[in-house]
Participant: 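Below you will find the structure I want to go over with you.
Residue numbers start from 1 in every chain, and the chains themselves are labelled A, B, ... in the order their sequence lines are given, proteins ahead of strands.
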Protein chains: 4
Amino acid sequence: MATPVYSETRTTPQRGRPRDASRDDALRQAALEVMAEVGYRALTMDAVAARARAGKATIYRRWESKLDLVIDTCTQLAQQNLAEPDTGSLAGDLREFLAAFAAFLSGPSGKAAQALVGELPHEPELASAFRETFLTTQRDVLRGILERADGRGELRPDAPRGMAVEIAGAALIYRLMLTGDPLDVPFVDRVVEQVLLPLVAKGQ
Amino acid sequence: MATPVYSETRTTPQRGRPRDASRDDALRQAALEVMAEVGYRALTMDAVAARARAGKATIYRRWESKLDLVIDTCTQLAQQNLAEPDTGSLAGDLREFLAAFAAFLSGPSGKAAQALVGELPHEPELASAFRETFLTTQRDVLRGILERADGRGELRPDAPRGMAVEIAGAALIYRLMLTGDPLDVPFVDRVVEQVLLPLVAKGQ
Amino acid sequence: MATPVYSETRTTPQRGRPRDASRDDALRQAALEVMAEVGYRALTMDAVAARARAGKATIYRRWESKLDLVIDTCTQLAQQNLAEPDTGSLAGDLREFLAAFAAFLSGPSGKAAQALVGELPHEPELASAFRETFLTTQRDVLRGILERADGRGELRPDAPRGMAVEIAGAALIYRLMLTGDPLDVPFVDRVVEQVLLPLVAKGQ
Amino acid sequence: MATPVYSETRTTPQRGRPRDASRDDALRQAALEVMAEVGYRALTMDAVAARARAGKATIYRRWESKLDLVIDTCTQLAQQNLAEPDTGSLAGDLREFLAAFAAFLSGPSGKAAQALVGELPHEPELASAFRETFLTTQRDVLRGILERADGRGELRPDAPRGMAVEIAGAALIYRLMLTGDPLDVPFVDRVVEQVLLPLVAKGQ
DNA sequence: GATTAATCGAGACGGTACGTCAAGTCTTGAT
DNA sequence: ATCAAGACTTGACGTACCGTCTCGATTAATC
């Protein structure tokens, strides 16, 4: 599921009191705060309900489970950070975009993403929502950056573009989730200069 | 903690019935099976105990918590696959080692590792055990491979060795845990040929 | 409270859509049916509303609570059976009245009354409404019967009238609510002949 | 059900930790206290568990429901008050026994009994347990008293014994549960002198 | 005839209790 | 002191109901 059910194009006119849309945001906000504080495992529906001053039924009316709520909460956050940069150079575009992505991952969304990784193999719906939110978008932007660089003649003809895109994401997320090392601008710069440009840029 | 408590140097000689060491393996085996079937979240101590035909106290006598049991179970598995290859060439060593590591990750240990990722930020002890098991060892072997290659004069002088090591691990784990794409030999070969060798090997 | 709020002498003339008086009966009828089926405890306002095809607000506009609705429903039923008999003889009056009262108690009102007994100690308002409906009226009629019999010289001078009245009610209600034995005409006759007349009638 | 399941004659030897019998009493005591304070309706399992410092599962392991717990709690109390008096006279026996029964009903058991009346029609098991506890025993004792009085030649030959027994119980319980008037010794004396003795004793 | 306001069915809302389930501890008898 | 078994406390789960509220849609009395 993973989204409150407004999108359902209504067949019947509109019966009863309509859902209060402001509760959605309040609940997502509460979920985000609680998850940031105690993590996914220790997040309880009671805590979210209490923080949003809502009844639990109000949550379960919108999301089927804790997982569903968390997914939707993260997805919502991901909508914003799509900024496709255009600095005119491959190096500039890569640096700018990866820095933005790193910042996004360093915030609550990153924490949430990490919390969800363990569920992916057992929750197919979550897995596809997760990949859509955290992987596909970022991958598409990177591909666009490489294409524009190719248009400017900056790429080697045999550049392994797919692999470069994968490596870029992998490097950031590996740091974030596994090593625990900081995901800062110097690191992004090193990834760009020591890995990405050498792999794809002409004359390196 | 993450290891059965035999190491506790006994002050008193040895009184009463000694611990049945075969229960350790039975319990780890049960834990592994249950985790592979239902994942970390849905794994219950009762289920593990029942599968091993053991009492819960028998588990808690050895491990402090569910997490602890799972960590130890995985660590145990990791002990075996340290095989440092020596094919005589950088490319050969990389291929062989990464293929072995990929195979290790593709098994139950990989599933377990994934299940644990979400807990790392809130469980410092788990985090260090996890990194020791899944990251450090692999990193050290890779570093050794690069050093021996350097001794043979196969590396460029300015090769970004640390980054190469990090990228190698990142590429595999990213695939395993996030994209869900298969972690097979062709992929490993592509990583070696399209990424690692270009980054560090002389004359590429 | 225990009565729909029409009595409220309106200060403002009469504005807006007037209340649909037919909903009162529909709701009481629904309440009676539900209570007869599942008892007081398991009666839910949602069930009553659904059965009457009414909104819950329509109920709460008329009655303050579940208790209030049930009380009013029973009271309504009680209004009818006040018939003070006048057969010309004490025995005849007693038989006729107690048979009528037994019939009343054997119907849904009796079930409802029983359902309410448990609430009496904790609901003073309910208690007084309950006593008014189920005890006082019946008691007054019985007292009238005894007085008229006394006027005819049928009573012993030392007849314990108060006790006789109390015993008459007690015998019926005890059967109804506690023993579960049938509250039929033969029983009423036995109460009259074996208990009431011996206690109060001259020459027994 | 209405009794913790020890009575179940065990087929298997005895496996695992046995039930802690002291929890039974603690829970019954807590239930009695809570019920006396807030009544049956408002009694919650959480409140009982909290007061007994027990988990809810510990309650549900023993009793299937709130009703079941309450029944058992009362039944336990009823076991004690069977005292069959033997003063040597019908009047003395009646006074003594009914006073004792009135005292029993005036305590927490009486409150509990009242709370249960409303459930009787919908809970056959409860009904029979209730009657066994609160009616049958008392009835049997009364019957014994009448028989012994008959043996002493105190009864009229045509005395309506069954009705007398029923009336005695009805008078007390009617007062207790319906009218709310006090169930004190003067009242018991009046019942004996004005009703029971006139109905059955010789020469009245 | 248009306006006005309280009604109607429907159902979302904040709460509270429900009965279940799991984690980790403790207690049996037996080895 | 260990073992299997299972009762124990704690606390979260997801559901159901209470009594209130809010929606669009009637429906009279008032203007």
Side-chain angles (χ1 to χ4, degrees), chain A residues 12-23 41-47 49-50 52-62 64-66, chain B residues 10 12 14-20 23 41-47 49-50 52-68, chain C residues 12-23 42-47 49-50 52-66, chain D residues 12-23 42-47 49-50 52-62 64-66:
Chain A
T12 45
Q14 156 67 25
R15 311 255 290 157
R17 176 176 177 176
R19 295 257 172 90
D20 181 347
S22 76
R23 303 318 285 139
R41 284 275 311 296
L43 176 148
T44 70
M45 296 305 245
D46 290 270
R53 266 192 122 358
K56 274 197 287 180
T58 301
I59 302 181
Y60 284 106
R61 219 172 273 126
R62 291 166 160 77
E64 286 176 356
S65 66
K66 174 173 153 176
Chain B
R10 294 197 177 274
T12 47
Q14 160 67 30
R15 306 263 292 152
R17 176 176 175 175
R19 249 180 227 173
D20 181 348
R23 304 315 285 140
R41 289 267 318 293
L43 175 147
T44 70
M45 296 305 248
D46 291 271
R53 279 192 80 56
K56 274 197 290 179
T58 303
I59 302 181
Y60 283 103
R61 221 172 272 123
R62 291 164 161 79
W63 298 280
E64 284 177 356
S65 67
K66 172 174 156 176
L67 211 51
D68 201 39
Chain C
T12 47
Q14 159 68 28
R15 304 268 292 158
R17 177 176 175 177
R19 258 186 219 164
D20 182 348
S22 75
R23 304 316 285 139
L43 174 149
T44 71
M45 295 306 248
D46 291 87
R53 281 191 82 55
K56 275 198 289 179
T58 303
I59 301 181
Y60 282 104
R61 221 171 271 123
R62 292 165 161 78
W63 298 280
E64 285 177 356
S65 66
K66 173 173 155 176
Chain D
T12 46
Q14 156 66 24
R15 311 255 291 160
R17 175 177 176 177
R19 295 256 172 92
D20 181 347
S22 76
R23 306 313 287 135
L43 176 149
T44 71
M45 295 307 244
D46 290 87
R53 263 194 137 328
K56 275 195 287 179
T58 301
I59 302 182
Y60 284 105
R61 218 173 274 125
R62 291 166 161 77
E64 286 176 356
S65 65
K66 173 173 154 175

Participant: Look at the side chain of Ala57(B) and decide which nucleotide, out of dA22(E), dT27(E), dA17(E), has an atom nearest to it.
Facilitator: dT27(E)

Participant: Pick the nucleotide of DNA chain E nearest each of Lys66(B) and Ala49(C); which residue has the one closer to the 5' end?
Facilitator: Ala49(C)

Participant: Nearest whole angstrom, please: distance from the P of dA17(E) to the CD1 of Ile59(D).
Facilitator: 14 Å

Participant: Please report the distance, rounded to the nearest Å, between OH in Tyr60(A) and P in dG14(E).
Facilitator: 15 Å

Participant: How many whole angstroms separate atom CZ of Arg62(B) from atom C1' of dG24(E)?
Facilitator: 17 Å

Participant: Out of curiosity, Arg53(D) CZ to Arg23(D) CZ, how far, rounded to the nearest 0.5 Å?
Facilitator: 9.5 Å

Participant: Kindly point out which of dA17(E), dG9(E), dC8(F) is positioned nearest to the side chain of Arg61(D)?
Facilitator: dC8(F)

Participant: Could you pull out the closest heavy-atom pair between Arg62(A) and Asp20(A), with the gap in Å?
Facilitator: NH2-O, 2.8 Å

Participant: Check the distance between dA7(F)'s C1' and Asp20(D)'s CG and give it to me in whole angstrom.
Facilitator: 9 Å

Participant: Is the shortest side-chain N/O distance from Arg19(A) to OP1 or OP2 of dC23(F) below 4.0 Å?
Facilitator: no

Participant: Return yes if the base of dA7(F) and the side-chain atoms of Arg17(D) contain a donor-acceptor N/O pair under 3.5 Å, otherwise no.
Facilitator: yes

Participant: Between Arg23(C) and dT7(E), does any side-chain N or O lie under 4.0 Å from OP1 or OP2?
Facilitator: no

Participant: Between Ala54(B) and Thr44(A), who's closer to the 5' end of DNA chain F by nearest nucleotide?
Facilitator: Ala54(B)

Participant: Has Arg53(B) got a side-chain N or O lying under 4.0 Å from the OP1 or OP2 atom of dA5(F)?
Facilitator: yes

Participant: Let me know the distance between CZ of Arg15(A) and C1' of dT26(F), rounded to the nearest Å.
Facilitator: 13 Å

Participant: What's the spacing between Ile59(B) CD1 and Asp68(B) CG if we round to 0.5 Å?
Facilitator: 12.0 Å

Participant: With nearest nucleotides of DNA chain F determined for Leu43(C) and Gly55(B) from heavy-atom distances, which residue corresponds to the more 5′ nucleotide?
Facilitator: Gly55(B)

Participant: Is any side-chain nitrogen or oxygen of Thr58(D) closer than 4.0 Å to OP1 or OP2 of dT9(F)?
Facilitator: yes

Participant: So which heavy atom on Gly55(D) is nearest to which on Ala49(D), and how close?
Facilitator: C-CB, 4.3 Å

Participant: Atom CG of Asp46(D) to atom C1' of dT20(E): distance rounded to whole Å?
Facilitator: 13 Å

Participant: For the atom pair OG1 (Thr44(B)) and NZ (Lys56(B)), what is the distance rounded to the nearest 0.5 Å?
Facilitator: 8.5 Å

Participant: Just to be sure I understand the rule, does Ala47(A) reach a base, reach only the sugar-phosphate, or reach nothing, if contact means heavy atoms closer than 4.0 Å?
Facilitator: nothing

Participant: Would you mind classifying the nucleic acid contact of Ser65(B) as base, sugar-phosphate or nothing, using non-hydrogen atoms under 4.0 angstrom?
Facilitator: sugar-phosphate

Participant: Provide, to the nearest angstrom, the distance between the CE atom belonging to Met45(A) and the C1' atom belonging to dA16(F).
Facilitator: 17 Å

Participant: Any donor-acceptor pair, under 3.5 Å, between the side chain of Lys56(A) and the base of dG15(E), if you only look at N and O atoms?
Facilitator: no

